[in-house]
Amino acid sequence: MKKLLFLNLTLLALLFFMGCSESDSNDPNEDENQEEIFLCTGNESSSYWPLTIGNQWTYEGGSDDLILTVIETVEIAGQEYFKIEPSGVLAWEPIYLRVDNEGNIYQHSAPGSENPSEVLYLPNSPTLNQEWDSFGNCILGPCSHYKKVESLNETIETGDCTYEDCLAIREYTITNDGTLIDNGLIFYKQGVGYLGADGFSSYLDLVELILE
C-alpha cells in the first residue's frame, strides 16, 4: 500500500510540474515581452533591410500609419527584385529592391518605366561620407538626386525601443539651376530595417515587425 501511495504522489507531482510548465509557456506577458525584444533587435542579421517575402514593418504616429510589406518577387531585366508594397495613410508607390552577392541592395525604377534603370539603394558595408546617385521626384522641373552616409552609429529612440549603431543617410536633390536641396535623413538598423526619417514622417514609430 505504501509503495502504491508513493507512486501516486510521484505521478501527481509530475503532472503538477508539467501543468506549471505548460502554463508558463502560454503566458501572454511572456509572449508580449518576446515580441518587444524582437521589435528592438530584429533577426540580428547584418542587412540594413532584411528582404524576404512576408516581411512587414508597421509604423504609427497620431492618426497616421504606414505599413511596408514584401509581397512578392518580380523579374526585371533578368534580375529578381522584391516588391515592397506600402499601405496606410502615408503610402507611396511600390518599390523594387534586389540584393547582390555581397549584400548590397539595389533599387529598380519599376517594371515598364519609360527609362528603366537601377541605382544603389543601401550598401551592405557603408563608409562615412559615401555618396551615390538615387531616385527621387522632380517637382520643380529637371533635377537629380543623391544620397550620402552621414553616420554609422546614430541612436534612434521610439516609444518601445532604443536602436543604437544605426545607419543615417541624408538625401539631396540638385535642381536644374544647381540649387542643392536637403531632403533630410533616413535611418536603418541592421537586422531590423527602415526605422523612419526626420522629415514629414519623423513622428512615426516602428510598432510591429514581422520577419520570416
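As the structure is a computational prediction, the values presented were derived from the model and not from experiment. Along the sequence shown, residues carry numbers from 1.
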Contact list for residues 52-65, test salt bridge (charged side-chain N to carboxylate O under 4.0 Å, His left out), sequence neighbours left out: none
For His108, enumerate each residue passing the ring pair (Phe, Tyr, Trp, His ring centres under 6.0 Å) test, keeping only those at least two apart in sequence or located in another chain. Tyr81
Apart from Phe135 itself, what residues make up its hydrophobic cluster, given side-chain heavy atom links below 4.5 Å? Val119
Under the side-chain contact (heavy atoms from CB on, under 4.5 Å) rule, collect the residues that match up with Glu102, sequence neighbours excluded. Asp100, Asn104
Run the side-chain contact (heavy atoms from CB on, under 4.5 Å) test against Gln130 and tell me which residues pass, sequence neighbours left out. Leu120, Pro123, Pro126, Thr127, Trp132, Val149
With the side chain counted from C-beta on, respond yes when Cys161 and Leu39 share a heavy-atom pair under 4.5 Å apart, and no when they do not. yes
Just list the side-chain donor-acceptor pairs under 3.5 Å for residues 50-58, sequence neighbours left out, or say none.
unit_1, atom_1, unit_2, atom_2, d
Asn55, OD1, Glu212, N, 2.7
Asn55, ND2, Pro50, O, 3.1
Gln56, NE2, Thr69, OG1, 2.8
Trp57, NE1, Val192, O, 2.6

Evaluate the side-chain proximity of Ile95 to Gln107: yes if any heavy-atom separation is below 4.5 Å, no if none is. yes
Sidechain-backbone polar pair: Lys189 side chain, Glu164 backbone, donor-acceptor under 3.5 Å: yes
Counting C-beta onward and ignoring hydrogens, is there a side-chain heavy-atom pair between Glu44 and Thr41 closer than 4.5 Å? yes
Sequence neighbours excluded, the answer for side-chain contact (heavy atoms from CB on, under 4.5 Å) partners of Asp182 is Arg170, Tyr172
Can you list everything that forms a ring pair (Phe, Tyr, Trp, His ring centres under 6.0 Å) with Phe187? Sequence neighbours excluded, please. none
Report yes if some heavy atom in the side chain of Trp49 is under 4.5 Å from a heavy atom in the side chain of Tyr188; otherwise report no. yes
Could you work out, with side-chain contact (heavy atoms from CB on, under 4.5 Å) as the rule, every residue matching Gln190, not counting sequence neighbours? Ser46, Tyr48
Starting from Val207, walk the hydrophobic network (Ile, Leu, Val, Met, Phe, Trp, Tyr; side-chain heavy atoms closer than 4.5 Å) and list everyone else you reach, by chain and number. none
Listed partners of Tyr106 passing ring pair (Phe, Tyr, Trp, His ring centres under 6.0 Å), at least two apart: none
By ring pair (Phe, Tyr, Trp, His ring centres under 6.0 Å) - contacts of Tyr163 (at least two apart): none
State whether Lys148 and Glu171 are salt-bridged, where the test is any N-O pair (Lys NZ or Arg NE/NH1/NH2 against Asp/Glu carboxylate O) under 4.0 Å. no
Quick check: do Leu66 and Leu204 have side-chain heavy atoms less than 4.5 Å from each other? yes
Keeping Asp198 on the side-chain end and Gly184 on the backbone end, is there a donor-acceptor pair under 3.5 Å? no
Could you tell me if the side chain of Leu211 sits less than 4.5 Å from the side chain of Phe38, heavy atoms only? yes
